[in-house]
Amino acid sequence: MTETLSPTAARSGAPVPVIDTDPFGRQQLEDPFPLEVALREAGPLVYLSAHDIYAMARYEHVYAGLRDWQSFQSGAGVGLSNFRIRKPWRQLSAVVEADPPQHDAPRRVLADLLGPRAQRRLRTEWTAVAEEMVDGLLAARAGAGVEFDAVSMLAKAYPLRVFPDALGIPEAGRENLLPFSDFLLNAFGPRNDLVAASAPRARELSEWVSAHCEREALAEGGFGAQIWSAADRGEITVQQAPQVVRSLFAAGVNTTVHALAAVLHALATHPEQWQRLRAEPGLARVAFDEAVRWASPVQTFFRTATGDTRVGDAVVPDGAKVLMFLGAANRDPRRWADPDVFDVSRDPSGHLGFGFGIHQCVGQNIARLEAECLLTALAERVAAIEIAGPPRRRLNNTLRSWDSVPVRVWPA
Ligand code: HEM
């Protein structure tokens, strides 16, 4: 990691520090913290020479940058590719990669669809599924420790059961959901070996998703069918409907899987925090948000500068790609006391793990509901939880995730 001053960026405003480390390099994806510290310490704005991009990593500036959608647009892609100057080689998301006014109608439809009414409707069923799943794991082992992989048996199994049902897609083919979203989120980074590894199936997965975004493929009453009803009412166009359904395929499952893996890993490695949650299961949502802050399952997203824009005393040039480090902001000591400590008694609200501003995660309360149902069922039934073997990371250009977290639990 070397630091010099960027000659190009120094043309206007204060000189911009340069870091040559590749944030998408294997070593950085394995352990992003040294680079995050360096980025925050270097200044409000940093130039990353490995990809000819700019970066923000301090809480104050990531927050302000995400809020200022006029200066930092999403419509030129929230990945590394700059679709202001290059023809899109992939389909842009009609929601997360749209600027106002195109963003407004799909966002309104999703906000309404995923809002409090849906959460009230889903809570009873999702609680029952969580209880059944945890009871199944603990069955016939009362008193003895039970070992299982928290990622495959809970973090994946639970959202893969409840969310596709709510979306309204059939059982067959659900195994495509995670690889599809994995590819999309990898593709926001450079075309490195992670993208290459998931590329061979990309077309097939994309076609499977497209087929399931059509009206006739979606079960009555589900989120997908309701998006088509919104098109019938004229709230979005008929052309937008399958694209809005697609945004739920892309963003609704993988993110939650890895956030649940993060909270289960955090609790298994912090036994005293597990006991706090057991004593007060009402803390389930806070514990989840604290894990989203601490682990930031979505690490980064790009924006594109719409003009020369001041950040601190420096200037991002018009058209530059800017990488927003949500994970670094979530551990910025300027904003958080003891940021590296996972603590369910802190107030994690204001973290940027769900983004911020007009694109802030529209499904965040759906994710919180899933977490609340699962963690409550566990807290009521599990006296203690610990790591039973070495956890294994799953590398992705956008996600920070676990492939496997072996745990041992003792039924209450
Ligand atoms: C947007 C994270 C769960 C649907 C976002 C963004 C982040 C994020 C960081 C902002 C992207 C940007 O600013 O460019 C997460 C995390 C989740 C999660 C960490 C789980 C813990 C979900 C769920 C759904 C969902 C369950 C669907 C039910 C969306 C959509 C957007 C979005 C549609 C785009 C919103 C817009 O552009 O207006 N999410 N998400 N997410 N998320 Fe989530």
Side-chain angles (χ1 to χ4, degrees), residues 1-24 28 32-80 82 84-85 99-100 188-189 293 296 298-340 348-360 398:
M1 213 180 288
T2 59
E3 279 190 38
T4 49
L5 294 182
S6 158
T8 47
R11 280 184 317 221
S12 56
V16 179
V18 180
I19 290 186
D20 64 7
T21 308
D22 178 2
F24 302 102
Q28 278 56 250
F33 302 116
L35 176 61
E36 290 181 358
V37 171
L39 287 165
R40 284 192 308 256
E41 290 313 307
L45 184 70
V46 181
Y47 180 75
L48 293 177
S49 54
H51 297 291
D52 184 22
I53 56 174
Y54 289 77
M56 298 184 207
R58 291 186 184 175
Y59 182 92
E60 177 192 345
H61 300 97
V62 178
Y63 174 93
L66 291 176
R67 202 162 72 152
D68 184 3
W69 58 266
Q70 293 93 337
S71 305
F72 296 107
Q73 66 165 163
S74 296
V78 296
L80 174 63
N82 190 341
R84 234 174 92 177
I85 53 175
D99 295 323
F188 288 154
R293 180 199 70 80
S296 298
V298 174
Q299 287 274 294
T300 51
F301 264 117
F302 281 90
R303 294 292 191 261
T304 309
T306 57
D308 288 357
T309 307
R310 191 163 282 278
V311 177
D313 293 331
V315 172
V316 187
D318 182 23
K321 278 275 160 177
V322 185
L323 189 51
M324 303 289 188
F325 278 83
L326 309 181
N330 280 341
R331 288 191 180 216
D332 185 351
R334 295 163 191 78
R335 168 64 177 80
W336 309 96
D338 299 323
D340 296 332
S349 56
H351 72 73
L352 302 181
F354 289 113
F356 192 70
I358 61 167
H359 291 283
Q360 190 181 36
T398 302

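Hydrogens, waters and symmetry mates play no part in the numbers below; they use all other heavy atoms, side chains included.
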Main chain of A14, side chain of D313: is a donor-acceptor contact present, judged purely on distance under 3.5 Å?
no
For V316, is there any backbone N or O sitting under 3.5 Å from a side-chain donor or acceptor partner on R310?
no
Test item: S296 side-chain N/O and G353 main-chain N/O as donor-acceptor pair under 3.5 Å:
no
Given side chains that start at C-beta, do those of K321 and H51 come closer than 4.5 Å, heavy atoms only?
no
Kindly indicate whether the side chain of S74, heavy atoms from C-beta on, has any atom under 4.5 Å from the side chain of F301.
no
Any side-chain heavy atom of F188 sitting closer than 4.5 Å to one from L80?
no
With rounding to the nearest 0.5 angstrom, report the CE to CZ distance, M56 to F325.
11.5 Å
Answer yes or no: is there a donor N or O on one side and an acceptor on the other, between the side chain of R40 and the main chain of G43, under 3.5 Å?
no
Below 30° counts as parallel, above 60° as perpendicular, anything between as tilted: where do the rings of Y59 and Y63 land?
parallel
Does any donor atom in the side chain of S49 or D20 lie under 3.5 Å from an acceptor atom in the other side chain?
no
Taking the side chain from S71 and the backbone from D68, do they hold a donor-acceptor pair closer than 3.5 Å?
no
Between Q28 (side chain) and D22 (backbone), is there a donor-acceptor pair under 3.5 Å?
yes
CD (Q299) and CG (L323) are apart, to the nearest 0.5 Å, by 10.0 Å
Is there a side-chain contact between T309 and V315, using heavy atoms and a 4.5 Å cut-off?
no
Would you tell me whether Y47 and D52 have side-chain atoms, one donor and one acceptor, within less than 3.5 Å of each other?
yes
Say you draw a straight line from OG1 of T21 to CG of L48; how long is it, rounded to the nearest 0.5 Å?
8.0 Å
Apply ring-ring contact (aromatic ring centres under 6.0 Å, His included) to residues F356 and H359 and explain how you reach the verdict.
CA-CA 6 Å; F356 192 70; H359 291 283; over 10 Å; no
Please check: side-chain N/O of R84 versus main-chain N/O of A76, any donor-acceptor pairing under 3.5 Å?
no
Check whether any side-chain heavy atom of L66 lies under 4.5 Å from a side-chain heavy atom of L326, and answer yes or no.
yes
Within 45° cone and under 6.0 Å: R331 NZ/CZ vs W336 ring
no
Quick one, H61 and L45 - any side-chain contact, counting heavy atoms below 4.5 Å?
no
Just verifying a value: how many Å separate T304 OG1 and Y54 OH, rounded to the nearest 0.5 Å?
13.5 Å
Any heavy-atom pair between the side chains of I358 and D99 that's under 4.5 Å?
no
Using side-chain heavy atoms (C-beta onward) and a distance below 4.5 Å, is I19 in contact with L35?
yes
For D318, I'd like to know if atom CG has over 12 heavy atoms of other residues, nucleotides or ligands within 6.0 Å.
yes
Within 45° of the ring axis of F72 and under 6.0 Å from its six-membered ring centre, is that where the NZ or CZ of R303 lies?
no
A quick test of your reading: do over 12 heavy atoms of other residues, nucleotides or ligands sit less than 6.0 Å from CD of E60?
no
